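One structure is given here, and the rest of the page talks about it.
All chains are named by letter (A, B, ...) in the order of the sequence lines, taking the proteins before the strands, and each is independently numbered beginning at 1. Because only heavy atoms are used, hydrogens play no part in the values below, and waters and symmetry mates are left out as well, while side chains stay in. Only a predicted model underlies this, so the values are computations on that prediction, with no experimental measurement involved.
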Number of protein chains: 2
Amino acid sequence: MPLSRPSLVQIAEQVGVSPATVSRAFNRPELLNDATRERILTTAKRLGFRPNRVGSSLRSGSTKTLGLLLPTLANPVFAACFEGAEARALEAGYSVMLATTGYDSQRERTAARSLLDHRVEGLILTVSDPSASATLDELTANDVPFVLAYNESDRHPFVSVDNRAAAGDMVEHLAACGHRQLAMISGPLDASDRASKRLDGVLDRAARLGLPAPTHVSMPRHTAADRARLRSLLSSPRPPTALFCSNDLLATAVIFELAALGFRVPRDLSVCGFDAMAFGALMVPSLASVHQPSTEIGSQACQELLSALGGEGSRSLRLPHRLFGGGTVASLPHHAVHPSHRYP
Amino acid sequence: MPLSRPSLVQIAEQVGVSPATVSRAFNRPELLNDATRERILTTAKRLGFRPNRVGSSLRSGSTKTLGLLLPTLANPVFAACFEGAEARALEAGYSVMLATTGYDSQRERTAARSLLDHRVEGLILTVSDPSASATLDELTANDVPFVLAYNESDRHPFVSVDNRAAAGDMVEHLAACGHRQLAMISGPLDASDRASKRLDGVLDRAARLGLPAPTHVSMPRHTAADRARLRSLLSSPRPPTALFCSNDLLATAVIFELAALGFRVPRDLSVCGFDAMAFGALMVPSLASVHQPSTEIGSQACQELLSALGGEGSRSLRLPHRLFGGGTVASLPHHAVHPSHRYP
DNA sequence: CGCCAGACTGCAAACGTTTTCATCGTTGCA
DNA sequence: TGCAACGATGAAAACGTTTGCAGTCTGGCG
């Protein structure tokens, strides 16, 4: 029952060997005589010794720790990302230090600094705008390896889906269901490049399909729907028949507010989201959405970071997305829908 | 553009003072002559110096880091707990190291060990069974301060709601709505003492109210509903009219499976959950549930841990729960409901 | 003038490891 | 027999801080 955990040297004294030998018993066991190794290991266990990573990190210069910097865990997408990254890190013998930013670029910087102060060896992070991020500049200047998650960038390694294409696919689905007048609903665009890319994808694909230009409504927060803005959108001269929300949390909030405004989904209006969180599939009606593989985004980002640390450099990855048709999108009855446009 | 970040001594050399003085410039600025302090701080900034916490931790014996050990972040309850704890820790100048256990007591132990190896100064954790947990024993033996979150225990400090009472209150609500034959649905009881306490609460309160003894069905996982078990429950001689699920995720899954079995909620069957995750309020119909203040559980647990570290000892706290009536629970029409039993 | 307090700073020893280099037997082989 | 090579271990110097102690200098006061 050791009051303060024993150190290497205490074990060394007990066993009657040098500290170096004890260290080797844990790190390079094959170097030791079987007998000594056993002797060391047993007394170590008896005294409840575990090597102090602080000392080890200081001397070796490696903390075996990765930093993870995400907007919020309230969005299950990021929670899954963490779990993916954590699992992969664990396999590689790394630990993970998590910090959240609340979509705030100020906190983004201070949190990143804090992680660096702890001497994490690299970072996985999601930033507001990777093309103009003080945090990323700082990381680059300090030669800290990092991999972006969810962000897309042509200057930095990232792991994400192809947000443009994914949003486009959803537009295609909506069009196939007979919708022509679309609206995109998002949070503040400057706090999420994902939302921007998705909006681009929506506009682009709509144009390509010959639909009238979708309108865009920006909500004050990423996950809450403002009733007034919603009302004014729907009372415009040519109101949309389908609302594409930039994430599932927002989509759910929108559906809720629509109910309050007297609109029923999907009878009066179709709604879809993005992320395909597990929850959406259980909603009644189920939420139409585009699935992005968050756990894999986390684990792959971790994988890329690890190989960067291993000196192999890291690629950027666009993982496949998948369209989830759902009950919240209805086919407009008065439109003939070409069979090839149907989704399962 | 420093290739490897400079150290205290480099700054000291640059400025022409001793390392001790540089250290003081950051930790005890009031001890220094204003001029020297300024000189140090500016060159430190110029060279991009930030004190290395590894060295600092080693020497001072304090890492200013807390460990957080939770079952899974896939449950928003725990995600919120993290955010609460993180925020409080940040205020106190602490960082947080998070690890998840997946409800697995094996991983529970190894993850706790890993956190201790990092020399976290204390732990906030949720275990399967606090009354028989090898992990807790180990923590106690090593004199590591810790606070349980969500668990209740008479041997260890904890922060939670009163699960028994909370579950009881929901039973009361159901009874007030005219339900008499209840069923409790949970995951494996041995992996969650919360579920056990809630079941106790249900049985106890039902007995007290003179209801027939509720049946209990255990699902293989905490968040997934097994269709077969559900079917057999509902085809029993006296099927329940209301299902109390031990958490909201499970409740949602149950509602989904019920739909597949042809039951509509709440017309054919009432369903309620526990946790009152934000999401449930947005469901249509909204999910009846018992709210537990997860963010506060996290921040208060952190608070208690901090005061334990400060030597003040830590209390156990039962935070107030709150009943959320919701659309998934219907009043049985053929029952007169006493007005005093109504909930807002 | 002498002395002391106080303000400021430096010296050097830790903290718990890892790792290079050296040491010392032993063994294999010519 | 001599020598190289090898296996097993130790000595000691780092890694970047913090901190008790001691030192220097200044000014104030008797």
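In this structure a side-chain-to-backbone donor-acceptor pair under 3.5 Å is present from Arg37(A) to Pro29(A). Between the side chain of Asn151(B) and the main chain of Val127(B), a donor-acceptor pair closer than 3.5 Å is present. Between the side chain of Arg107(B) and the main chain of Thr100(B), a donor-acceptor pair closer than 3.5 Å is present.
Residue pairs meeting the side-chain hydrogen bond (donor to acceptor under 3.5 Å, both in side chains) criterion with at least one partner in residues 305-319 of chain A, sequence neighbours excluded, are Glu152(A)-Arg318(A), Glu304(A)-Arg315(A). Screening residues 79-106 of chain B for ring-ring contact (aromatic ring centres under 6.0 Å, His included) gives Tyr103(B)-His222(B) as the qualifying pairs, with residues at least two apart or on separate chains. Under the ring-ring contact (aromatic ring centres under 6.0 Å, His included) criterion, no residue pair touches residues 122-143 of chain B, with sequence neighbours excluded.
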N/O to N/O distances under 3.5 Å, protein versus nucleotides 23-28 of chain D:
none

Enumerate donor-acceptor pairs with a distance under 3.5 Å from any side-chain N or O in residues 61-71 of chain A to protein atoms, sequence neighbours excluded.
| unit_1 | atom_1 | unit_2 | atom_2 | d |
| --- | --- | --- | --- | --- |
| Ser62(A) | OG | Glu121(A) | OE2 | 3.0 |
| Thr63(A) | OG1 | Arg119(A) | O | 2.6 |
| Thr65(A) | OG1 | Thr63(A) | O | 2.9 |

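Partners of Tyr150(A) according to the ring-ring contact (aromatic ring centres under 6.0 Å, His included) rule, which considers only residues two or more places apart in sequence or in another chain, are Phe78(A). With sequence neighbours left out, Phe146(B) forms a ring-ring contact (aromatic ring centres under 6.0 Å, His included) with His156(B). Scored by the side chain to side chain donor-acceptor pair (under 3.5 Å) test, Ser18(A) finds Thr21(A) as partners (sequence neighbours excluded). Under the salt bridge (charged side-chain N to carboxylate O under 4.0 Å, His left out) criterion, Asp154(A) pairs with no residue at all, not counting sequence neighbours.
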Footprint string (nucleotides 12-21 of chain D, 5' to 3'): B base within contact, S backbone only, - free, heavy atoms under 4.0 Å: -BBBBBBBB-

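At a non-hydrogen distance threshold of 4.0 Å, nothing from residues 30-44 of chain B comes into contact with DNA chain D.
For the helix from dC1(C)-dG30(D) to dA30(C)-dT1(D), the rotation axes defined at the first and last 5 base pairs enclose an angle of 60°, given to the nearest 10°.
Closest approach of Val159(A) and Ile297(A) over heavy atoms only: O-CG2, 3.7 Å.
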